[in-house]
Number of protein chains: 2
Amino acid sequence: MLKLSRLTDYAVAALVRLSAAEGVATSPGIAAAIGVPEPTVAKVLKSLAGQGLVTSTRGARGGYRLGRKLSDITVAEIIVAIDGPIALTSCVEGSAGTCESQTLCPVAGRWDPVNTAIRDALQNITLADMAQAALPPGLRLSEVA
Amino acid sequence: MLKLSRLTDYAVAALVRLSAAEGVATSPGIAAAIGVPEPTVAKVLKSLAGQGLVTSTRGARGGYRLGRKLSDITVAEIIVAIDGPIALTSCVEGSAGTCESQTLCPVAGRWDPVNTAIRDALQNITLADMAQAALPPGLRLSEVA
DNA sequence: AATTAACAGGACGATTTAAGTCCTGATTGC
DNA sequence: GCAATCAGGACTTAAATCGTCCTGTTAATT
């Protein structure tokens, strides 16, 4: 149903939270802030660090820092960092050759135009766009159990 | 990972196949043509019929017929017919109220712009676009085991 | 120098979701 | 009357994902 993973949702929340913190933020700190279990947040941050969306500092008093400005991070990048390359179907040009039933492939249509359209759409949306109307009246992030 | 269901894939194949057949086509016939189990094809066609993408004729010598031209059927419609409304996350305006953790929702960002962008992209692609480069040289649909 | 705090990376189990199948009923042509 | 076909739903099975945990590495503090 064209859904994206929940981890991507957490990633957005974590990045927005990181932008709020001026300096570094630890994964347990972010976890408490956004109301998500710590191991899960840690996993998400690790994936984001792998793509360079956040930079990490190890050791005591270490933590994560935003790699770029929110306006320079696209939704597509986040999805790629968390879930891998964007491909709606297994039958795309990227995975050419793996489609064993190519000779009698039931997919008469090519999904490539769809994939590129989706990819373009996601690349034109930045985190800044999402964070804009992010906080409805009376909604405070600091309120966490 | 932003993938769509395999049934949607079958739906496209079935619709393209339907456009090839001048008259009506039965679900077992289509199943044999595209190399997909009959019950599965039947399920897909029923969903498509529910959205008016195909018209059905009951009784002996009945079958399915294409509801509109290929150029008038968008990818978005197919996805909606098979998988329901297009919503990347559970936190969209459509399902407002069901989000119980709204007061402390970790999703600081709004996915609505993303959803609408995806929806627009899918509505601008018709089946005719997909069927265009559908058949590479030497690829014949009739070749089915 | 030892200890503590925090990231890095991978592997594992459990839950959830989707896929595929089957059944019964209604309708139409021969 | 009989056969063929669609309509609709429920069920079982399989797969992918979520979430957690464990171990190792790095750096600041005492």
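Residue numbering restarts at 1 for every chain, and letters A, B, ... go by the order of the sequence lines.
- Side-chain atoms of B:Asp9 do not come within 3.5 Å of backbone N or O of B:Ser5 as any donor-acceptor pair.
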Under 3.5 Å, which N/O atoms of the protein pair with N/O atoms of nucleotides 20-23 of chain C?
{"from": "C:dG20", "atom 1": "OP1", "to": "B:Arg6", "atom 2": "NH1", "distance (Å)": "3.4"}
{"from": "C:dG20", "atom 1": "OP1", "to": "B:Tyr10", "atom 2": "OH", "distance (Å)": "3.4"}
{"from": "C:dG20", "atom 1": "N7", "to": "B:Lys43", "atom 2": "NZ", "distance (Å)": "3.0"}
{"from": "C:dG20", "atom 1": "O6", "to": "B:Lys43", "atom 2": "NZ", "distance (Å)": "3.2"}
{"from": "C:dT21", "atom 1": "OP2", "to": "B:Thr40", "atom 2": "OG1", "distance (Å)": "3.2"}

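- The OH atom of A:Tyr64 sits 13 Å away from the C1' atom of D:dT26 (whole-angstrom rounding).
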Quiz: residues 40-53 of chain A side-chain donor-acceptor pairs under 3.5 angstrom, not counting sequence neighbours:
{"from": "A:Ser47", "atom 1": "OG", "to": "A:Lys43", "atom 2": "O", "distance (Å)": "3.3"}

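- If you take CZ on B:Arg65 and CG on B:Leu18, they are separated by 10.0 Å, rounding to the nearest 0.5 Å.
- No contact: A:Gly50 has no heavy atom under 4.0 Å from any strand.
- A:Thr126 and A:Asp72 form no side-chain donor-acceptor contact under 3.5 Å, judged by distance and modelled atom types alone.
- In this structure a side-chain-to-backbone donor-acceptor pair under 3.5 Å is present from B:Arg119 to B:Ile86.
- Shown here are the side chain to side chain donor-acceptor pair (under 3.5 Å) partners of B:Arg68, two or more places apart in sequence or in another chain: B:Glu77.
- A:Leu45 has its CG atom 13 Å from the P atom of C:dG9, to the nearest Å.
- In this entry the distance linking CD of A:Gln51 with P of C:dG9 reads 12 Å, nearest Å.
- For the pair B:Asp83 CG and C:dA19 C1', the interatomic distance rounds to 11 Å; values are reported in whole Å.
- With sequence neighbours left out, the side-chain contact (heavy atoms from CB on, under 4.5 Å) criterion links B:Pro28 to B:Thr26, B:Glu38.
- A close approach under 4.0 Å does occur between a side-chain nitrogen or oxygen of B:Ser27 and OP1 or OP2 of D:dC6.
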Please list each protein N or O that sits under 3.5 Å from an N or O in nucleotides 28-30 of chain C, with the distance.
{"from": "C:dT28", "atom 1": "O2", "to": "B:Ala60", "atom 2": "N", "distance (Å)": "3.1"}

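- Distances shorter than 4.0 Å separate none of the side-chain N or O atoms of B:Ser56 from OP1 or OP2 on D:dT5.
- Residues forming a side-chain contact (heavy atoms from CB on, under 4.5 Å) with A:Ser56 (at least two apart in sequence, or on another chain): A:Tyr64.
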